[in-house]
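Let me begin by handing over the structure; questions about it come next.
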Amino acid sequence: MPFFPPEASSFAGHVDALYVFLILVTAFFSILIGTLVVYFAIKYHRKAPDEIATEVHESGALEIIWTVIPFGLVLVMFAWGASVYFKITRPPANALDIYVTAKQWMWKLQHTDGHREMNELHVPVGVPVRLTMASEDVIHSFYVPAFRFKRDVVPGRFSTAWFEATKPGKYHLFCAEFCGTRHSNMIGWIYAMDPRDYQAWLAGGSPGESLAAAGAKRFVEHACNTCHGDQPGARGPSLAGLFGRQVQLASGQTLVADETYIRESIVNPQAHLVAGYPPIMPTFQGLISEEGLLQLVAYVKSLSPPPAGAPASAAPALTPERKGNRP
Ligand code: CUA
């Protein structure tokens with residue numbers, strides 16, 4: 001059994017280098033301090049029953065040294081750790097979108113073109129993959145040791161994470177948060193494939209309805225289109241081109257419309273009211289499943305042009321003819 005899982009993502013090497021640095025610093029000081037404790041205990045132990053201790057006064061120079069050196073070392077840990085953290089938490093704009101729903105006790109993974117997988121995820125090597133994750137019940141945690149990332153999936157909000165697989169292979173996916181009796185069975189596999197094999201995998205098997213198409217249906221089902229249907233004098237703002245744009249709020253603030261904002265606008269519409277519209281939208285809290293919310297978000301996203309360099313479908317930059325083929 002190897003000591004470390006394989007390094008199979010673009011940031012695995014950075015995480016491991018930092019981890020090794022922490023172990024070496026810790027080992028160095030543990031050995032140094034442990035050795036000195038034993039050495040001084042032997043050297044300065046009381047040699048005769050009536051021996052009187054000699055008084056020793058502190059050394060200023062020594063105190064400065066053992067304050068400044070550890071302080072510098074922890075600052076290195078802080079700066080290094082922060083830079084790795086930023087790398088791990090900022091998905092590139094051109095990432096391939098995968099939508100994840102966690103529930104007791106399985107992972108449901110959906111590609112934007114409609115491919116659905118249970119406890120398995122196929123991804124191309126060398127392409128950043130962005131996960132938008134929701135939980136239908138309790139807290140789960142998406143953990144892929146070979147990719148060196150773990151992200152909690154918390155009910156009532158979206159969690160995002162990303163990775164870029166660097167080596168073709170089959171890697172363990174775990175749930176790393178105790179979520180009930182069958183938590184330890186909530187495991188699966190990530191298949192990182194050569195882009196050509198990934199294309200072949202996508203082409204095989206019928207993808208079914210795309211997430212955005214499913215979202216478009218729900219949009220009508222919940223009558224969202226009666227207010228957000230782009231008709232003149234509509235009671236709600238138009239959603240065309242909304243995703244990724246700055247939104248002017250009634251409170252005077254602005255924010256960028258991302259997945260979290262769209263989700264919140266459905267379940268808690270009054271939280272960030274758009275300027276110029278009355279607070280008339282009812283909440284859909286509890287009326288739409290997390291999966292339904294993901295579909296609606298995918299639909300709203302499909303109404304905006306993808307960011308520069310982003311894939312238009314589940315086939316990033318591999319099949320250019322698919323670009324613009326959005327529902
Ligand atoms: Cu889900 Cu543990």
Side-chain angles (χ1 to χ4, degrees), residues 1-9 11-12 15-16 19 84-85 88-91 95-112 114-123 128-165 169-193 208 211 214-215 258-260 262-264 266-268 284-298 314:
M1 182 126 176
F3 187 60
F4 266 45
E7 289 181 349
S9 79
F11 43 67
V15 173
D16 285 357
Y19 193 63
V84 173
Y85 178 80
I88 291 178
T89 48
R90 289 182 178 166
L96 168 66
D97 267 318
I98 299 285
Y99 293 86
V100 181
T101 9
K103 62 177 167 199
Q104 291 168 319
W105 288 273
M106 64 175 79
W107 297 104
K108 188 169 181 183
L109 302 118
Q110 307 192 59
H111 301 248
T112 47
H115 272 90
R116 287 167 170 73
E117 302 189 66
M118 257 338 155
N119 297 330
E120 283 191 349
L121 175 64
H122 291 74
V123 290
V129 173
R130 182 168 178 276
L131 304 172
T132 303
M133 305 190 282
S135 166
E136 299 278 14
D137 37 47
V138 299
I139 304 178
H140 303 273
S141 189
F142 195 98
Y143 179 36
V144 187
F147 295 167
R148 304 291 191 279
F149 91 90
K150 183 195 288 181
R151 182 76 74 248
D152 279 6
V153 186
V154 181
R157 53 175 288 188
F158 287 155
S159 308
T160 51
W162 78 281
F163 63 84
E164 181 180 325
K170 182 182 172 189
Y171 306 106
H172 256 304
L173 159 66
F174 293 109
C175 176
E177 182 72 50
F178 181 70
C179 55
T181 45
R182 287 173 57 77
H183 153 72
S184 59
N185 286 61
M186 195 167 161
I187 53 179
W189 295 100
I190 310 267
Y191 295 88
M193 308 168 90
L211 265 184
D258 58 5
E259 288 91 347
T260 295
I262 293 168
R263 185 188 186 284
E264 182 195 64
I266 299 169
V267 298
N268 185 11
F284 286 83
Q285 179 90 56
L287 300 176
I288 308 178
S289 67
E290 285 299 333
E291 197 177 342
L293 289 172
L294 282 174
Q295 290 167 344
L296 281 168
V297 166

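As the structure lists them, so they are numbered: ligands from 1, and atoms in each ligand from 1.
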(request) Taking only Lys NZ, Arg NE, NH1 and NH2, and the carboxylate oxygens of Asp or Glu, determine whether R263 and E290 approach each other closer than 4.0 Å. (result) yes
(request) Indicate the ring-plane relationship of Y19 and F4, choosing parallel, tilted or perpendicular according to the 30° and 60° boundaries. (result) tilted
(request) Take E117 and H111 through the side-chain hydrogen bond (donor to acceptor under 3.5 Å, both in side chains) test and state the conclusion after the steps. (result) CA-CA 8 Å; E117 302 189 66; H111 301 248; 2.7 Å; yes
(message) Tell me whether the rings of F147 and F149 are parallel (<30°), tilted (30 to 60°) or perpendicular (>60°).
(response) parallel
(request) Give me the ring orientation class for H172 and W189: parallel if the planes are under 30° apart, tilted from 30 to 60°, perpendicular past 60°. (result) parallel
(message) Between R130 and E259, does any side-chain N to carboxylate O distance fall below 4.0 Å?
(response) yes
(request) Check atom 2 (Cu) of ligand 1 and write out every protein N, O or S atom at under 2.8 Å, as residue and atom. (result) C175 SG, E177 O, C179 SG, H183 ND1
